[in-house]
Amino acid sequence: MQHLLEVDNLSTSFFTYAGEIRAVSGVSFYVDEGEALGIVGESGCGKSVTVKSIMGLIPEPPGKIIKGQINFRGQNLLALPEKKMAALRGKAMSMIFQDPMTSLNPVLTIGQQMIEVLYRHEGFGKREAFARTAEFLDMVGISDARHCLKQYPHEFSGGMRQRVMIATALLCQPQLLIADEPTTALDVTIQAQILELLRDLKKKVNLSIILITHDLGVVAGFCSRVIVMYGGRIVESGLVQDIFKSAQHPYTWGLLRSIPRLDNTQRTRLIPIPGTPPDLLHPAPGCEFAARCPFAMNICNEQVPVMRQINSGHQAACWLLHPQAPKLNIAERRSRYEGTSHSGGRKSC
Amino acid sequence: MRYIFGRIVSAIFVVWFVITLTFMLMHAIPGGPFSSEKVLPPAIIDNINERYHLNDPLLKQYLDYLKNMAYFDFGPSYRYQGRTVNDLLQEGFPKTALLGLSATILALFGGVAMGVTAALKQNKMLDYVIIFLVTIGISVPSFVLATFLQYYIGYELHWFPPLGWGEVKNIILPVIALSAYPVAQIARLTRAGMLDVLTQDYIRTAKAKGLAKSTIIIRHALKNALTPVVTFLGPFFAYILTGNFVIEYVFNIPGIGQFFVTSISNRDYPVIMGTTVLFAALLVTFNLLADIIYTLLDPRIKLTGREGA
Amino acid sequence: MNIRADSFSPLPKDLKKAISERSATTFGQDAWQHFRKNYLAMGGLAVLVLIMVFSIIGPFFSQFDYASNDLMKTNLFPDWIHPFGTDELGRDILSRTMYGTRISLLIGFGSVVINLTIGIIYGGISGYLGGRLDNLMQRIIDIIFSIPDLLYVILLMVTFGAGIQNIFIVLGLINWVPMARIVRGQVLTLREQEFILAARILGAGTGKILFRHLLPNSIGPIIIVSALQIPTAIFMEAFLSFIGLGIQAPLVSLGSLVANGRMNIPSYSYALFFPALTIALLMLSLNFIGDGLRDALDPKLRR
């Protein structure tokens, strides 16, 4: 069966005055129809660049997609001329962004910014466009649509603006919605509302969603599959239950430990992964995570680990999975992380 | 409304300040306005001083001056016998205004067009050409540029008359010389504003919506990019007004600017004071207008108080 | 794949640290790197250095004085003895241009030092003490700011009379306003930060906090404004000299040379050309340097 979206060996770099920043190197994954895929990782791990490459939103220069293929409905997007790409954007695939406060144009009304999409892609008349816009605003839970359309973004709260963004993205009934950290900039209660809204909409319109987040907890309740990225590469990917129950990569272990859990009575403190994110201007010869990894071995600093199949659909790239590597048990995993988080904690205090 | 009222009050205050300052400065100059000329008998000097009320107590002179200013009466000229400063200003104003207005139109349209073009062609040949022209416009002083234009275009190539006033072709060189600097500044600000706006999240949103490139630039970017240009309008009017001094002087145009420069060497204090006050009044009016335009461009700013920018 | 015996033994700690600290550049290095890659700014710097050498050292190698005239050699076309020609009194335009540039540079840099001093004190006090005093000081600045500098400068020059000292005084009296604004803004934002609070708790006095803590942290914007004020001052002096209010004969400045050259323009254009070219190059290079400094020192503006 053909996938809706297939990304194959994608590499995107930014060429700055300081040198080449390899934001994404050799990333491959797919999304099926009606499926929700989560991409997780810290800021700067390449999640956003990956999806912007799909949408053709990489500013060029300084950015450039150096290699790879992106197939959407069997069409290679990287070979499409910009005009055809623009015709796809906002129609067949849409995107919503992290910061709803800055993602809407401050000098145009909400109505102007929504209706222009329908003019552009559907060739709607004024009346039709207006009706559709009001309908979608209603769908995302903004009731007084007629009034809202005349207002400017600064008169709206963050949650309201994100609802407007979602409504705008769905106006032309796209097959794929990319949500780039849609809840990060919002209050916790609003976050839950927005996620609930997305989940609802996904069911209603058979939408495929790529959800980018740095929060594994959000993924757990929303997606069927997860990709974990670090330093521009995929370090682990699999079904949600694979990742949560039997993660194989030390970075995923670290991420899992940093989720606050209500059922955990022993420990209420959130544990960050010590160390700083990698410097992609000077890529490491080996595994990017080696510098922060409590299990790092000599080889980790020398060679990039290869992706290994754990079971069908679950794979990870770590030298610990090499047959010759020492085997770790759960207790050891916990104690090693404890050690680093303690020393890290003391230093930062 | 309250904000505008407050702005008008402070504008009046600024004009009063300028009137007082010019009055004090002109009276602080050692020796009267007529003492530099050939030695006159004391009786005649006394006579002249009497005629121009220079023997009155300073305070009375000041109050009289203020009163006259309130009626836009700038008094008699010391040098042009039998003419008042008002006559001179009235005679010069249409020429200065025409020159200033032409330069303003050229600067706004030319500058914005150049800035947008440069931003859209960032780091391409056309961008570099525009940056080069802009830098020359900013760097070369207006009087140097005016003199060069006058010499090479006027005297050498005979394309346009190097001096004088009265015909359409007379205005070309002065307007180019006067608008070079503001064209360059506006182009620079527009380019920077455009480049800044093009990296904004809402432009990314517009792209993600699949809008046409022209729609993104005209509808989403330009209006936002022009806000820094509007903040430059105040200094811009100031430049046009003061730039006129030297341009009219170089091209021998009988406008206010030329009167001002000649009155400086003539020590014709009422003309100096009158021109200064007139310019100050024009300027605060323009600044007020620029502020109002600013609020029209950006719906986030309401006329309620002092805005952050 | 190349696997050794110790490939799977733990990675030494110090090596790990080395990986994570692969690169770290300080702010100053970063700024310099950025400035160095700005060809326009570097070109401007080179031209400025050339002009400085030309005007400061040049006169020692010239056999002509800027003021001595030779009525047998008036209005000479440029030749080997007088590379820039002579003017209507037979004075060597090359040495006049060199001396004129000296004066222009002196006024440019000198008046910025004055502006810097007044601006830092005024802006520092206004921003640091705040409250009603700050309000009053800002109103004063607003009033001064609402009228073009050039108008003040002309009025004051008319009052004080032409001459080089008066140019210094007048430019010093007027041009500090932008500096004071920048310093105040910087101090206002920095004042609220924790290291200032820490210094105050440790008992540092107002003066010490201002000069030891606040100023060093606002040095970037101060440098930028100073660099852009130098061409402004040079322009103002040239403007004043051009309309006869500035430098008085026998002293020369670039402005008075241009004005002088203009008088003879239809017949002897070189008397105008060389001084005008020098002033244009000087302004151009100073503006490029100023822009380069701004780009290098203000990371927010980079792209």
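Within every chain, numbering begins at 1; the chains are lettered A, B, ... in the order of the sequence lines, protein sequences first and strands thereafter. Source: prediction; values computed, not measured.
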**OP:** Could you tell me which portion of B/Leu145 (side chain, backbone, both or neither) has an atom closer than 4.5 angstrom to a non-hydrogen atom of chain C?
**Re:** neither

**OP:** Under 4.5 Å heavy-atom distance to chain B, tell me which part of C/Phe239 shows up: side chain, backbone, both or neither.
**Re:** both

**OP:** Against chain B, label C/Val258 side chain, backbone, both or neither, depending on which of its atoms sit under 4.5 Å from a heavy atom there.
**Re:** side chain

Subject >> Engaged part of C/Asp291 at the chain B interface, taking heavy atoms whose separation is under 4.5 Å >> reply: side chain

Original post:
In Å and rounded to the nearest 0.5 Å, what is the OG1 to CZ distance from B/Thr147 to C/Phe242?
Top reply: 4.0 Å

Original post:
Does any non-hydrogen side-chain atom of C/Phe273 lie less than 4.5 Å from one of B/Tyr151?
Top reply: no

Original post:
Minimum heavy-atom separation for B/Ser139 to C/Met283, with atom names?
Top reply: O-CB, 3.1 Å

Subject >> Intermediate values then yes/no, side chain to side chain contact (heavy atoms under 4.5 Å, CB included), C/Leu151 and B/Phe245 >> reply: CA-CA 10 Å; C/Leu151 216 53; B/Phe245 297 164; 3.5 Å; yes

Original post:
Among B/Val144, B/Ile138, B/Val250, B/Leu21, which residue forms the greatest number of heavy-atom pairs with chain C at distances under 4.5 Å?
Top reply: B/Val250

Original post:
Can you tell me how far the CG atom of C/Leu155 sits from the CD1 atom of B/Ile272, to the nearest 0.5 Å?
Top reply: 7.5 Å

**OP:** Please state whether the side chain, the backbone, both or neither of B/Phe279 comes within less than 4.5 Å of a heavy atom of chain C.
**Re:** side chain

Original post:
Checking heavy atoms, do the side chain of C/Leu281, its backbone, both or neither come under 4.5 Å from chain B?
Top reply: neither

Original post:
Between B/Val261, B/Ile136, B/Thr135, which has the largest tally of heavy atom pairs under 4.5 Å with chain C?
Top reply: B/Thr135

Original post:
Side chain, backbone, both or neither: which part of C/Ile234 has a heavy atom under 4.5 Å from chain B?
Top reply: neither

Original post:
Considering only heavy atoms, which portion of B/Leu25 lies under 4.5 Å from any heavy atom of chain C: side chain, backbone, both, or neither?
Top reply: both

Original post:
When only pairs under 4.5 Å are counted, which of B/Asn287, B/Val246, B/Ile131, B/Val140 shares the most heavy-atom pairs with chain C?
Top reply: B/Val246

Subject >> B/Phe13, part contacting chain C, at a heavy-atom distance under 4.5 Å >> reply: side chain

Subject >> Over all atoms of both residues, closest heavy-atom pair of B/Ser142 and C/Phe235 >> reply: N-CE1, 4.3 Å

Original post:
What distance separates C/Tyr152 OH from B/Thr276 OG1, expressed to the nearest 0.5 Å?
Top reply: 10.5 Å

Original post:
Taking atom CD1 of B/Ile264 and atom CG of C/Leu245, what is their separation to the nearest 0.5 Å?
Top reply: 5.0 Å

**OP:** Report yes if some heavy atom in the side chain of B/Tyr269 is under 4.5 Å from a heavy atom in the side chain of C/Val158; otherwise report no.
**Re:** yes

Subject >> Top of B/Val14, B/Leu241, B/Val18 for chain C proximity - count of heavy-atom pairs under 4.5 angstrom >> reply: B/Val14

Original post:
What part of C/Leu284 gets closer than 4.5 Å to chain B, counting heavy atoms only: side chain, backbone, both or neither?
Top reply: both

**OP:** Please examine the side chains of C/Ile154 and B/Phe260, heavy atoms only from C-beta on, and report whether any two atoms are closer than 4.5 Å.
**Re:** yes

